[in-house]
Structure formats: C-alpha cells, structure tokens
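Just so it is clear, the structure is predicted and the values come from calculations on it, not from any experiment.
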There are 2 protein chains.
Amino acid sequence: MVKPRRTKPAQASLAANTDPRTGLPAIPAVGEAKRGTDGYMTYLLRQASSAVRLALDRALAAEGMTYPQSSALTMIRAYDAISAADLARLTMLTPQTINVIVKALEARGAIVKHPDPVHGRILRLVITEEGRALQKRCRARTAPIESNLRARMSKTFEPALRRWLVDIAMDYAN
Amino acid sequence: MVKPRRTKPAQASLAANTDPRTGLPAIPAVGEAKRGTDGYMTYLLRQASSAVRLALDRALAAEGMTYPQSSALTMIRAYDAISAADLARLTMLTPQTINVIVKALEARGAIVKHPDPVHGRILRLVITEEGRALQKRCRARTAPIESNLRARMSKTFEPALRRWLVDIAMDYAN
DNA sequence: GATAACTTATTCGAGCCCTGATAATATGGT
DNA sequence: ACCATATTATCAGGGCTCGAATAAGTTATC
C-alpha cells in the first residue's frame with residue numbers, strides 16, 4: 001500500500017539548523033520558527049487555509065469535484081433558485097468566478113439554469129436530483145475534515161476563533 | 001473621489017429575510033447565519049483567508065506584485081541562496097507553483113538564479129539589491145493588514161489562535 | 001562500477017480567481 | 001417617455017495552484 005506518487009506541496013525534510021556545506025540558515029519545519037507561533041498572521045492564515053483547501057480538494061477529487069464546486073452546490077441547495085449574482089455576493093467571489101464554477105456544475109448536470117419568470121435577465125440556479133445526491137456524497141467526504149477543524153480547538157476558544165474569522169472577513173469584504 | 005469602479009467580490013446587498021416575490025430564503029450578509037459564527041469552519045476559514053489574500057493583493061498591486069510573490073521574496077531574503085525545491089517545502093506549495101512565482105521575480109530582477117558550486121542541478125535563489133528595496137516597500141504596504149489581524153484578537157486569545165492555525169496546517173501538510 | 005531510487009528543475013493541462021470590459025435588461029428621476 | 005444609473009450575465013486576459021510527466025543529476029545498494 002504505497003501512497004499515490006503525486007507531487008507533494010509540503011513535507012519538511014527536516015534539515016539541521018544550519019547547512020553544513022554553506023553555513024546558511026536551514027529550512028524550518030512546519031510549526032517551527034517563522035512558520036510557527038511567532039510568524040506573520042497573514043502567513044499562518046494562508047498556510048492553514050491552503051492546507052485545508054488542498055485536503056478538501058483531494059477528498060472531493062474522488063467525486064470529480066473541487067471544494068469551490070462543492071461549496072457552491074451546497075449553497076444552491078440551501079438558497080434554491082438563487083441567481084449567480086447573489087451567489088457571488090454570498091461567497092464573496094466575483095460574478096466572473098462564479099460563472100466558471102456554475103458552468104462546471106451545469107455541465108455535469110448538478111444544477112440547471114431557469115430564466116426568471118418576471119425578470120428578463122436573471123438566470124435562477126436550481127439544484128437537480130442528481131445534484132442533491134452528489135452534494136450528499138461530497139458532504140460525507142468533507143465531513144471528517146470539518147470535524148478535525150473543530151476537534152483541534154477547545155470549546156472555550158471556539159466562539160472567539162469563529163468571531164475572529166468572521167470579523168476579519170467582514171473587515172475586508174469588498 | 002469615487003472609489004475605483006472594479007468588479008467587487010462581496011458587498012452584501014442586505015436582502016430581507018425572505019424574498020417577497022418568491023418566498024424563498026434571502027441572502028444573509030457576511031457575519032449572519034451560516035456565514036456567521038455557526039457556519040462550517042472550512043467555510044469561515046476560506047472566507048477569512050480569501051478576503052485577506054485579496055486585500056494583500058490589492059495593496060501590493062501598486063508595486064506590481066502579488067502576495068505570493070511578496071511572500072516568496074521575503075523568504076528568499078530570509079533564507080538566502082535557498083533552492084526552489086526547498087522554497088516549495090517551506091511555503092507548502094508545489095515545485096510547479098514556486099517555479100511560476102520565481103520566474104516572475106526573476107523576470108523583474110528581484111532575484112537571480114545561481115547554479116550551486118558543487119551540486120550540478122540545484123539553482124540557488126539570491127535576492128538582488130533591487131529585490132531588497134522592493135521587499136521593503138512591499139512590507140510597508142502589507143504591514144497595516146498584518147496589524148489589523150493582530151488588533152482583531154485579544155492578547156489572551158492570540159496564542160490559542162496561532163496554535164490552532166499551525167496545528168491544522170501541520171495536520172494537512174503533505 | 002552498474003543499477004535503482006530519489007531529487008531538482010521544468011513543461012503541459014486544467015481549475016480557480018482576479019481585473020477589465022461589454023451587451024442586455026431594469027430601475028429611478030425628471 | 002427619456003435618459004442616466006445599476007444590475008446581470010458573460011468574454012478575454014493573466015496570475016496562482018494543482019496533478020501528471022519528463023529530463024538531468026545525485027545518492028544508495030549491490
């Protein structure tokens with residue numbers, strides 16, 4: 001059972017503190033030095049987020065889905081008949097980006113576009129039965145990751161952590 | 001002084017709780033409902049991270065830089081003569097991704113590639129004087145965002161938050 | 001020394017995500 | 001009714017990021 005041989009993004013080859021050949025500072029592992037608890041918050045945030053994003057994408061690859069697609073599908077299910085423009089606002093993505101994702105979901109039959117009965121321009125996004133089943137499968141695959149994120153924080157800190165994430169999202173929402 | 005008219009990713013048009021026309025659930029603003037403190041952690045993390053990433057990219061656009069480029073440049077400065085492979089491990093990005101970023105930095109003269117004196121394959125990345133000046137300017141532009149991230153959390157909470165970000169990065173580093 | 005296994009750098013293809021721009025439709029003020 | 005403004009959808013272009021694959025050099029093993 002060898003792990004799939006793919007190009008890995010991280011992996012910390014744990015060099016010593018200085019390179020014996022060059023004497024230059026060696027590379028710290030994740031969690032050490034600037035990569036640890038005294039680094040830039042922007043850096044720690046990106047590092048954590050992209051690690052999770054990658055884990056989600058890999059979990060969803062088995063369904064031929066990506067995290068953005070899965071996330072959008074979940075929202076279309078929750079806010080049925082939403083327009084792409086509203087979906088963009090909801091996800092804090094641009095309409096152009098949503099357009100790409102929606103096209104992918106439409107192409108695989110997870111959603112359909114219905115012209116609005118009264119508004120001549122809006123296309124309403126509606127999840128299909130196939131889309132519902134797919135969404136359920138995606139959720140099952142991502143649930144362990146969501147659980148782990150929760151398990152990693154103490155119950156006492158969870159509200160503050162959520163508050164912080166929401167606060168900074170609101171600060172830069174625009 | 002009208003704000004530059006660009007396509008905005010978010011902006012919460014604050015619809016009522018249900019759409020009067022369709023009766024369907026309306027779109028919550030950032031910080032409300034699923035988008036608030038009771039949503040998925042994966043979602044909150046992405047929302048916060050991408051908002052910050054966007055703010056950083058916009059701050060750096062004035063220098064013709066992106067956050068990944070600025071971040072890579074900072075690391076090349078800190079770990080001078082690092083190889084692209086090590087830089088990939090350090091940033092938890094793939095060598096392919098680093099290759100793109102390094103090429104951009106090289107093209108604008110912020111860094112140069114030097115073949116390793118003993119190893120026939122490694123290309124060592126060295127920051128130029130121009131690169132140092134650029135890095136300093138980038139840091140000045142991103143500093144306010146970093147400050148704000150820190151200001152948004154209480155001192156008692158900060159260690160736990162950093163710990164959490166590092167922990168989940170380590171969980172999925174691979 | 002020969003061979004296998006690993007490492008480094010790099011190309012290609014694809015998806016995400018932005019900025020910029022445009023056409024079509026709605027809306028609001030006069 | 002008219003016109004300016006806003007909204008919706010969408011195209012084009014470019015940067016980031018991955019997975020897959022390859023060539024070239026290094027290291028380990030026999």
Engineer: Would you kindly check whether a donor in the side chain of B:Gln96 faces an acceptor in the base of D:dG19, or vice versa, at under 3.5 angstrom?
Structural biologist: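 Present.
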
Engineer: B:Ser83 side chain N/O closer than 4.0 Å to the phosphate oxygens (OP1, OP2) of C:dT8?
Structural biologist: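 Looking at the OP1 and OP2 atoms of C:dT8, neither is under 4.0 Å from any side-chain N or O of B:Ser83.
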
Engineer: Provide, to the nearest angstrom, the distance between the CD atom belonging to A:Glu106 and the P atom belonging to D:dA9.
Structural biologist: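 To the nearest whole Å, that distance equals 12 Å.
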
Engineer: When the distance from CG of B:Leu93 to P of C:dA9 is rounded to whole Å, what number comes out?
Structural biologist: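 Distance check: B:Leu93 CG to C:dA9 P gives 15 Å.
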
Engineer: Given atom CG of B:Leu54 and atom C1' of C:dC16, what is their separation to the nearest angstrom?
Structural biologist: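 B:Leu54 atom CG is separated from C:dC16 atom C1' by 14 Å.
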
Engineer: Looking at D:dC16, D:dA9, C:dT19, which one has an atom nearest to any side-chain atom of B:Arg58?
Structural biologist: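 Minimum distance to the B:Arg58 side chain belongs to C:dT19.
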
Engineer: Kindly say whether A:Thr42 contributes a backbone atom to a donor-acceptor pair with the side chain of B:Glu146 at under 3.5 angstrom?
Structural biologist: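 Checking the backbone N and O of A:Thr42 against the side chain of B:Glu146, a donor-acceptor pair under 3.5 Å is found.
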
Engineer: Please determine whether salt bridge (charged side-chain N to carboxylate O under 4.0 Å, His left out) holds for the pair B:Arg132 and B:Glu129, giving the CA-CA distance in whole Å, both sets of side-chain angles, and the decisive distance to 0.1 Å.
Structural biologist: CA-CA 5 Å; B:Arg132 281 180 197 281; B:Glu129 271 317 305; 3.7 Å; yes

Engineer: I'd like to know if the side chain of B:Thr94 pairs up with that of B:Thr97 as donor and acceptor (distance under 3.5 Å, no hydrogens or angles considered).
Structural biologist: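 Their side chains do contain a donor-acceptor pair, which is all the 3.5 Å distance test asks for.
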
Engineer: Using only side-chain N and O atoms of B:Thr66, determine if any of them is under 4.0 Å from OP1 or OP2 of D:dC16.
Structural biologist: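 Looking at the OP1 and OP2 atoms of D:dC16, one of them is under 4.0 Å from a side-chain N or O of B:Thr66.
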
Engineer: What nucleotide, of D:dT10, C:dC16, C:dA9, holds the atom closest to the side chain of A:Pro68?
Structural biologist: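 The nucleotide sitting nearest to the side chain is C:dC16.
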
Engineer: How long is the line joining CG of B:Leu60 and P of D:dG15, in whole Å?
Structural biologist: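 It works out to 15 Å between those atoms.
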
Engineer: Counting only side-chain nitrogens and oxygens, does A:Lys103 get under 4.0 Å of the OP1 or OP2 atom of C:dA14?
Structural biologist: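 No, outside the criterion.
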
Engineer: If only side-chain N and O atoms of A:Thr94 are considered, is one of them under 4.0 Å from the OP1 or OP2 phosphate oxygen of C:dT19?
Structural biologist: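 The answer is no; no side-chain N or O of A:Thr94 sits under 4.0 Å from OP1 or OP2.
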
Engineer: Return the 5'-most residue of the pair A:Arg46, A:Ala85 with respect to DNA chain D, ranking by each residue's nearest nucleotide.
Structural biologist: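 Of the two residues, A:Ala85 wins.
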
Engineer: Reckon A:Lys113 has a side-chain N or O less than 4.0 Å from the OP1 or OP2 of D:dT10?
Structural biologist: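 True: A:Lys113 side-chain N/O within range (under 4.0 Å) of D:dT10 OP1/OP2.
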
Engineer: Tell me: CG of A:Asn99 to C1' of C:dC18, nearest whole Å?
Structural biologist: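 One finds 14 Å between C1' of C:dC18 and CG of A:Asn99, rounded.
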
Engineer: Taking the nucleotide of DNA chain D with the nearest heavy atom to each, does A:Leu123 or B:Gln69 sit closer to the 5' end?
Structural biologist: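 First, find each residue's nearest nucleotide; the 5'-ward one identifies A:Leu123.
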
Engineer: In this structure, how many angstroms lie between the P atom of D:dT7 and the CZ atom of A:Arg89, rounded?
Structural biologist: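 It works out to 7 Å between those atoms.
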
Engineer: Answer yes or no: does a side-chain N or O of A:Thr97 lie under 4.0 Å from OP1 or OP2 of C:dC18?
Structural biologist: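 Yes, within the criterion.
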
Engineer: Tell me the interatomic distance from B:Arg108, atom CZ, to D:dG15, atom P, rounded to whole angstroms.
Structural biologist: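 Answer to the nearest Å: 12 Å.
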
Engineer: What pair of heavy atoms forms the shortest contact from A:Thr91 to A:Ile98, and how long is it?
Structural biologist: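 Where A:Thr91 meets A:Ile98 most closely, the heavy atoms are OG1-CD1, 3.6 Å.
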
Engineer: Keeping B:Ser83 on the side-chain end and B:Ile122 on the backbone end, is there a donor-acceptor pair under 3.5 Å?
Structural biologist: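 No, B:Ser83 side chain to B:Ile122 backbone: no donor-acceptor pair under 3.5 Å.
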
Engineer: Measure the distance from CD1 on B:Ile122 to C1' on D:dT26 and round it to the nearest whole Å.
Structural biologist: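 B:Ile122 atom CD1 is separated from D:dT26 atom C1' by 9 Å.
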
Engineer: Please figure out whether A:Arg53 or A:Arg121 has its closest DNA chain C nucleotide nearer the 5' end.
Structural biologist: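 Nearest-nucleotide comparison on DNA chain C picks A:Arg53.
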
